[in-house]
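Heads up, the thing below is written out as structure tokens.
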Amino acid sequence: MGPFGREDVRILLLGERGVGKTSLILSLVSEEFPDVVPPRAEEITIPADVTPEQVPTHIVDFSESEQTEQDLAREVQRADVVCLVYAVDDNHSLQQITERWLPLLQSLRPRTKDDGGSQTGEVVSAVPIILVGNKSDLLEQGNMDSVLPIMNHYAEIETCVECSARTLRNISEMFYYAQKAVLHPTAPLYIAEDRE
Ligand code: GTP
Ligand code: MG
């Protein structure tokens with residue numbers, strides 16, 4: 001048992017094709033941008049002693065071209081935290097975060113009264129989410145303006161981060177935020193507030 005009463009942390013990356021999920025994982029592992037990536041990275045486990053929170057951490061990729069809807073459902077059930085990735089240069093990929101991925105997580109992992117949510121009957125996902133804007137190297141400046149309204153609307157989103165698998169900007173931070181969302185969750189605090 002780790003210091004936070006957990007055996008391990010399981011991080012799942014989801015998002016539209018081509019947003020850079022596999023590149024993010026391989027950049028973290030090799031500390032350089034891979035020019036060529038497979039559709040899906042092998043599951044990797046980061047040993048406790050090299051993670052900031054000292055808990056073994058599994059990082060799981062998802063690829064629609066290699067995996068089925070059932071694989072997706074199973075991975076969502078197993079995840080402790082989901083990184084929802086969009087590409088900052090691709091508006092459609094951000095649109096799909098609200099139109100496809102957040103509703104999918106809400107339906108596969110709905111929060112019940114038992115885990116401190118849904119008193120108001122509103123649907124919230126029980127799995128914490130990190131919203132990840134990848135490819136920040138392609139934009140002159142950040143685009144948090146279009147993301148803040150989403151973050152305010154969905155209590156399950158713990159943190160938003162803009163990063164780049166290419167320049168390695170915010171890569172280790174992104175995985176650290178994901179770990180932190182599991183080990184030191186703040187979502188219940190949001191739920192307690194009136195978010196009208
Ligand atoms: P699927 O496996 O099809 O779902 O895609 P994916 O989300 O795993 O994306 P992948 O890592 O395969 O990257 C898609 C393309 O985006 C590749 O050509 C990458 O080189 C490129 N890419 C990934 N990350 C970055 C980044 O941070 N900056 C830039 N400029 N390109 C990137
Ligand atoms: Mg991939």
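Atom set for the values below is all heavy atoms of this structure, side chains included, hydrogens, waters and symmetry mates excluded. Order of appearance sets the numbers: ligands from 1, and atoms from 1 within every ligand. Only a predicted model underlies this, so the values are computations on that prediction, with no experimental measurement involved. All residue numbers in this chain count up from 1 along the given sequence.
Residues D137 and R166 are paired through a salt bridge, judged by an N-O separation under 4.0 Å between the basic side chain and the carboxylate. The existence of a salt bridge linking E156 and R109 is excluded, since no basic side-chain nitrogen approaches an acidic carboxylate oxygen closer than 4.0 Å.
A donor and an acceptor atom, one from each side chain of R169 and S136, are located under 3.5 Å apart.
Annotation for P110 and A126: closest pair O-CB, 3.9 Å, computed over non-hydrogen atoms. Nearest approach of L24 to C163, heavy atoms of both residues: CD2-SG, 3.7 Å.
For the pair N134 and ligand 1, the shortest N or O to N or O distance falls below 3.5 Å. An N or O contact shorter than 3.5 Å is missing between D35 and ligand 1 by distance. Taking only nitrogen or oxygen atoms, main chain and side chain alike, R17 does not reach within less than 3.5 Å of ligand 1. In terms of polar-atom proximity, G20 is counted as a contact of ligand 1, with an N or O under 3.5 Å from an N or O of the ligand. At least one N/O-N/O distance between T22 and ligand 1 falls below 3.5 Å. Annotation: A165 places an N or O atom under 3.5 Å from an N or O atom of ligand 1; distance criterion only. Looking at ligand 1, you won't find any N or O of E64 less than 3.5 Å from one of its N or O atoms. In terms of N/O distances under 3.5 Å, ligand 1 is approached by G18. Note: an N/O pair closer than 3.5 Å links P39 and ligand 1 by distance alone.
Residue P38: no N/O/S atom is found under 2.8 Å from the Mg ion (ligand 2). Metal site remark for the Mg ion (ligand 2): T22 contributes an N, O or S atom at a distance under 2.8 Å.
Taking a cut-off of under 4.0 Å to the non-hydrogen atoms of S164, the atoms of ligand 1 that pass are 27 (O).
Per-atom contact check: atom 6 (P) of ligand 1 touches the protein, criterion being a heavy-atom distance below 4.0 Å. Within a 4.0 Å radius of atom 17 (C) of ligand 1, the protein contributes no heavy atom.
With hydrogens and angles ignored, the 3.5 Å screen pairs no side-chain donor or acceptor of E66 with any backbone N or O of R40.
Between V147 and Y86 there is a side-chain heavy-atom pair separated by less than 4.5 Å.
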